[in-house]
Amino acid sequence: MSAAVRALGARLVGLLPARADLDAVRRQPRRDLVAGVTVAIVALPLALGFGVSSGLGAAAGLATAVVAGALAAVFGGSNLQVSGPTGAMTVVLVPIVAAHGPGGVLTVGLLAGLLLMGLAVVGAGRYVRYVPAPVVEGFTVGIAAVIFLQQVPAALGVPTPEGDRVAVVAARAAVEFVRLGPHWVALALAVGVVAVMLAGARWRPTVPFSLLAIVAATLVAEAVRLDVPRIGALPSTLPAPSLAFLDVSAIPALAGSALAVAALAALESLLSATVADGMSVGQRHDPDRELFGQGVANVAAPMFGGVPATAAIARTAVNVRSGAGSRLAALTHALVLAAIMVAVAPLVARIPIAALAGVLLATAIRMIEVGSLCALARATRSDAAIMVLTALITLTFDLVTAVLAGLAAAVVLAVRKIARSVRVDQVPLDTGDHRAEEAALLAEHIVAYRLDGPLFFAAAHRFLLELSEVADVRVVILRMSRVSAIDGTGALVLRDAIERLEHRGIVVHLSGIRPEHRRTLAALGILERLTAAGRVFPDTPAAIVAARALLHHVGVLPAETRAG
């Protein structure tokens with residue numbers, strides 16, 4: 001067996017459940033069971049709502065919460081994560097449903113799961129930590145806005161109008177609401193649920209007011225016989241696993257969507273795991289194993305009719321606050337939801353769609369943390385710009401495009417900031433104990449510049465301009481000890497600057513070159529020529545001594561000074 005195969009086998013074994021998981025489950029099973037039941041109560045209306053919102057129906061949302069929730073709990077890399085259908089994923093799925101139908105969504109989920117497992121094998125999980133906070137906050141705001149606008153038609157009690165953009169669809173729904181005659185019953189149910197959830201969250205954060213509001217709205221609708229759309233019949237069991245939805249010929253057309261879903265699942269799940277770590281004591285997730293677990297969950301969920309899933313920050317937070325310490329809590333949440341599907345499916349079918357819309361409207365509002373947004377907006381103008389850009393692109397286009405645009409903007413602004421930090425400063429010439437008249441002559445004919453910061457592509461042009469303005473002197477000493485990094489562009493510009501100075505008859509000395517920079521400079525022929533000419537020195541005093549000797553040689557210093 002080759003070393004590569006053995007390494008791959010060891011890598012796969014490292015991504016599977018381990019004995020430490022079982023040991024964690026045994027520590028406090030009672031607290032984990034209680035936390036799991038609590039999360040299930042919170043998750044039920046969200047699973048139903050996101051299933052309806054995705055376009056595949058409440059049954060698909062419930063199947064996702066059960067199957068993906070259980071498998072991600074077992075195979076994931078966090079003891080505290082709770083997975084299932086989420087609002088962020090719904091944002092991506094709606095256009096896929098419109099373009100390819102339910103079968104396309106199931107295929108995309110399966111492909112995304114395979115991609116996530118591949119990302120785990122190659123160790124891609126560690127890179128999500130580099131996503132800047134303004135990008136995260138920006139797409140969170142954008143997702144919240146999209147979820148809110150998606151629920152407007154259901155909250156107003158009108159059919160969802162045609163349209164590719166949620167803002168356009170919401171506006172058309174408002175027009176239909178007025179044109180067809182206001183459907184105040186649906187609106188009252190949605191607003192009532194929103195009010196109960198928001199007020200209840202402030203009053204008693206630990207009480208599942210979303211479920212209480214749904215139950216109350218359903219009882220009112222049944223008692224008064226309100227004419228409002230309901231969820232409709234739900235299966236009392238999970239369907240048998242099947243790949244009948246898979247159309248191999250459609251895979252090329254769905255590959256882009258699968259990549260977007262996989263990117264979103266990875267991003268949201270790993271960010272949620274990071275949040276869970278911060279809320280707990282002594283818990284640390286394994287990012288690659290978390291990707292693997294989400295991959296397994298997303299491969300399996302479509303076989304049972306479920307939509308693509310990710311870890312859910314809101315449900316994970318409830319899990320942590322309820323005292324969960326192991327993955328038994330998340331597994332219990334999935335099993336409780338399965339029991340609800342078996343026991344009370346006919347009752348769940350009577351829930352008004354408008355009430356579910358109210359749950360998602362309140363969820364969208366609660367996703368926006370005003371304090372965090374204001375703090376980032378006050379931090380720097382660039383952070384505020386990145387956050388606004390990401391939010392607007394999420395609302396206008398899609399989440400993956402928004403994240404890529406936000407990352408690109410963050411990189412550009414960061415590079416710009418680093419480039420501005422690069423300095424080329426003229427520094428006083430240390431002439432030691434030379435006589436005053438000789439020191440004056442040395443200072444007149446020798447100038448020293450200290451290069452400070454990274455000499456790279458973004459700063460190289462400004463560096464060239466500043467060195468090109470050097471006055472007519474005999475020797476220029478470039479102090480390189482504070483150069484933190486040099487790339488190919490920086491080395492090329494340095495060579496160009498040296499050649500321009502030499503063309504003017506100015507001798508250039510380099511001093512204090514770091515060992516790690518010598519290879520780059522040598523590759524472009526800078527060091528070889530200057531070293532051969534005796535113009536590369538370990539430190540600045542040595543460069544000054546050589547420059548003084550040169551001035552003696554060319555007769556710049558008076559004879560009496562040379563004699564001294």
Side-chain angles (χ1 to χ4, degrees), residues 422-435 437-457 459-559 561-564:
V422 178
R423 299 177 59 184
V424 181
D425 296 326
Q426 183 176 348
V427 294
L429 200 63
D430 183 6
T431 56
D433 57 356
H434 298 144
R435 291 192 296 269
E437 58 270 27
E438 181 176 357
L441 284 170
L442 289 175
E444 181 181 347
H445 294 285
I446 304 173
V447 63
Y449 286 93
R450 181 178 62 224
L451 281 61
D452 203 335
L455 184 57
F456 70 132
F457 67 95
H461 181 67
R462 185 163 62 87
F463 165 77
L464 177 61
L465 290 178
E466 292 190 25
L467 273 188
S468 298
E469 296 174 357
V470 172
D472 289 329
V473 292
R474 294 285 182 155
V475 182
V476 169
I477 299 173
L478 298 180
R479 299 173 58 176
M480 307 284 291
S481 61
R482 293 195 182 182
V483 175
S484 57
I486 299 179
D487 69 355
T489 304
L492 282 171
V493 169
L494 178 62
R495 185 183 69 181
D496 192 16
I498 292 172
E499 290 174 352
R500 290 190 185 195
L501 292 172
E502 290 177 337
H503 184 70
R504 291 168 52 192
I506 299 173
V507 175
V508 178
H509 289 179
L510 299 182
S511 72
I513 299 174
R514 293 185 180 184
E516 62 267 27
H517 300 159
R518 288 183 171 272
R519 181 177 178 180
T520 304
L521 297 175
L524 295 172
I526 299 173
L527 279 185
E528 183 179 356
R529 182 173 63 82
L530 292 181
T531 301
R535 297 177 183 174
V536 178
F537 305 92
D539 52 46
T540 302
I544 294 174
V545 170
R548 180 172 177 270
L550 177 64
L551 295 184
H552 278 298
H553 179 72
V554 299
V556 170
L557 295 178
T561 303
R562 291 200 304 273

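Put simply, the side chain of Val476 does not reach to within 4.5 Å of the side chain of Ile446, judged on heavy atoms. Using a 4.5 Å cut-off on side-chain heavy atoms (C-beta onward), Val507 and Arg474 make no contact. Here the side chains of Val422 and Asp452 are not in contact, with every heavy-atom distance at 4.5 Å or above. Taking 4.5 Å as the limit, every side-chain heavy atom of Val475 sits out of range of all side-chain heavy atoms of Ile506. Looking at heavy atoms from C-beta onward, Val447 lies out of side-chain contact with Ile477 at the 4.5 angstrom threshold. Here the side chains of Ile486 and Met480 are in contact, with some heavy-atom distance below 4.5 Å.
Here the CZ-CD1 distance, from Arg535 to Ile526, works out to 14.0 Å after rounding to the nearest 0.5 Å. Rounding to the nearest 0.5 angstrom, the gap separating the CG atom in Asp539 from the CD1 atom in Ile513 is 12.0 Å. A distance of 7.0 Å separates CG of Leu527 from CG of Leu510, quoted to the nearest 0.5 Å.
For residues 504-518, the pairs satisfying side chain to side chain donor-acceptor pair (under 3.5 Å) are Asp472-Arg504, Ser511-Thr540, with sequence neighbours left out.
For Arg529, the side-chain hydrogen bond (donor to acceptor under 3.5 Å, both in side chains) partners two or more places apart in sequence, or in a different chain, are Glu502. Applying the salt bridge (charged side-chain N to carboxylate O under 4.0 Å, His left out) rule to Asp425 yields the partners Arg423; only residues at least two apart in sequence or on another chain are considered.
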Using the rule given for side-chain contact (heavy atoms from CB on, under 4.5 Å), can you reason through Leu530 versus Leu521, listing the C-alpha separation, both sets of side-chain angles and the distance that settles it, and then say yes or no? CA-CA 11 Å; Leu530 292 181; Leu521 297 175; over 6 Å; no

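Remark: Gln426 CD is packed, more than 12 non-hydrogen atoms of other residues, nucleotides or ligands lying under 6.0 Å away.
Closest heavy-atom contact between Gly488 and Leu524: O-CD1, 3.7 Å. Residues Phe456 and Asp487 approach most closely at CA-OD1, 3.1 Å, considering heavy atoms. What you find for Val473 and His445 is that their closest heavy atoms are CB-O, 3.6 Å.
The backbone N or O of Gly525 lies less than 3.5 Å from no partner atom in the side chain of Arg495, so there is not a single donor-acceptor pair.
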